[in-house]
Asks: 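Quick one: the structure is below, and I'll ask about it shortly.
Numbers restart at 1 for each chain; the letters A, B, ... are given by sequence-line order, proteins then strands. Just so you know, these numbers use all the heavy atoms, side chains as well, and skip hydrogens, waters and symmetry mates. All values derive from a computational prediction rather than experimental measurement.
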There are 2 protein chains.
Amino acid sequence: MNDALDKAVRVFCERGYHATSIGDLTEAMQLAQGSVYKAFKDKRAVFLAAFDRNKAVRAEKLQDAIGAGGTGRERIRKALAFYAEASHGAEGRQGCLVVGSAAELAIFDDEVAQRVAASLDRNEALLTGLIQQGQADGSIPADLDSAATARLMLCLLQGMRVVGKTGRSRDEMAAVVEVAMKALA
Amino acid sequence: MNDALDKAVRVFCERGYHATSIGDLTEAMQLAQGSVYKAFKDKRAVFLAAFDRNKAVRAEKLQDAIGAGGTGRERIRKALAFYAEASHGAEGRQGCLVVGSAAELAIFDDEVAQRVAASLDRNEALLTGLIQQGQADGSIPADLDSAATARLMLCLLQGMRVVGKTGRSRDEMAAVVEVAMKALA
DNA sequence: ATTTATAGGAAACGATCGTTTCCGAATCAA
DNA sequence: TTGATTCGGAAACGATCGTTTCCTATAAAT
């Protein structure tokens with residue numbers, strides 16, 4: 001089922017919610033229409049499940065990317081690099097489900113809006129934690145505003161995914177990461 | 001007609017392309033269906049016209065915001081503040097047509113993709129110009145990578161519009177701007 | 001005043017969508 | 001082998017969408 005949801009995630013990323021038909025989903029998930037409606041109440045339920053699945057997968061990959069060791073500064077760089085990697089080439093063009101959901105559904109679907117906000121808040125909190133770790137281990141100045149800096153990083157990450165939809169190169173995005181590290185001065 | 005297109009822009013921002021019906025457009029634009037189809041070939045043509053109209057309006061407001069005088073550094077700050085202002089409260093929730101188009105249409109509509117890329121490129125070039133002006137007037141270090149820094153600013157601006165959809169306060173966004181200025185050190 | 005052009009608005013079209021229902025095939029238990 | 005249960009897939013539903021057409025009313029022009 002998770003495999004099928006991963007396929008659904010890709011379709012929803014590429015086409016958005018309203019432009020993906022049930023046929024698109026069944027084709028991508030390799031399930032019959034009957035099976036889809038047996039497993040999910042309706043299209044929206046598939047979307048919400050795909051959203052949650054995507055959130056879990058991306059969160060795990062992000063945790064793997066930033067690792068357990070290293071200074072807070074190094075781990076911040078790895079987090080930025082992780083998003084840079086997802087914001088170029090084919091994966092960049094595929095887009096981000098959180099960004100797409102924020103743009104398409106956040107106004108008219110409270111439940112989706114809540115999940116989008118929760119995803120962003122979670123990322124913001126993770127960034128804040130990394131910054132505070134850096135301030136504790138001395139790799140980031142103690143007088144830095146950790147909350148505002150984490151918020152800047154959050155905006156930057158989401159923006160990279162937007163800009164990445166227009167087809168940028170890995171080097172372009174990697175250069176952005178290097179400049180962004182100045183915010184930790 | 002520009003008034004009507006401005007209304008169309010708002011609807012497309014809030015609902016996205018696929019979720020806005022012709023009825024939504026006629027209601028917002030205060031035009032009869034017949035009039036819409038007399039002025040535009042189809043819904044997509046309305047969208048493209050609205051996109052262009054939005055681009056012109058926002059570009060003019062941005063130019064007004066950054067002004068003609070001041071150092072490059074000051075004008076960069078004004079540009080960032082202009083986007084911060086658009087990324088909080090009700091206007092923030094309304095969203096950005098460029099971001100929405102990038103997420104929803106950039107993959108399956110080459111013409112829209114081209115316009116989205118052009119909008120981003122234009123903003124990136126404008127930021128690059130402001131940075132280079134700052135390097136010329138001494139308000140920004142000469143050894144700074146103007147291209148990469150402008151790209152970072154572009155990602156940040158688009159990201160602010162994404163995060164702004166979840167309802168942030170003016171102060172939160174203003175604080176991001178202050179931190180972002182560190183990238184010009 | 002008559003004609004012409006224009007905009008508004010209703011109606012109807014084909015198409016597509018999400019959803020439900022139904023039936024045949026396959027799997028597994030007894 | 002028989003029976004029950006699950007799953008795939010086709011068909012059909014009502015609804016909605018984008019689009020076209022047609023008719024009326026208003027205003028401009030002769």
Asks: Report the residues that fulfil side chain to side chain contact (heavy atoms under 4.5 Å, CB included) with Lys182(A), sequence neighbours left out, ordered by chain and then residue number.
Replies: Leu144(B)
Asks: I need a per-nucleotide contact map over nucleotides 13-27 of chain C, read 5' to 3'. Cutoff is protein heavy atoms under 4.0 Å; write B for the base, S for backbone only, - otherwise.
Replies: -----SBB-------
Asks: Using ring-ring contact (aromatic ring centres under 6.0 Å, His included) as the criterion, list what pairs up with Phe47(A), not counting sequence neighbours.
Replies: Phe12(A), Tyr17(A)
Asks: Which ILVMFWY residues can you reach from Ile107(B) by hopping between side chains whose heavy atoms are under 4.5 Å apart?
Replies: Phe108(B)
Asks: Quick one: list whatever passes side-chain hydrogen bond (donor to acceptor under 3.5 Å, both in side chains) with Asp52(A), sequence neighbours left out.
Replies: Arg115(A)
Asks: Restricting to side-chain hydrogen bond (donor to acceptor under 3.5 Å, both in side chains), what partner residues turn up for Asp121(B), sequence neighbours left out?
Replies: Arg168(A)
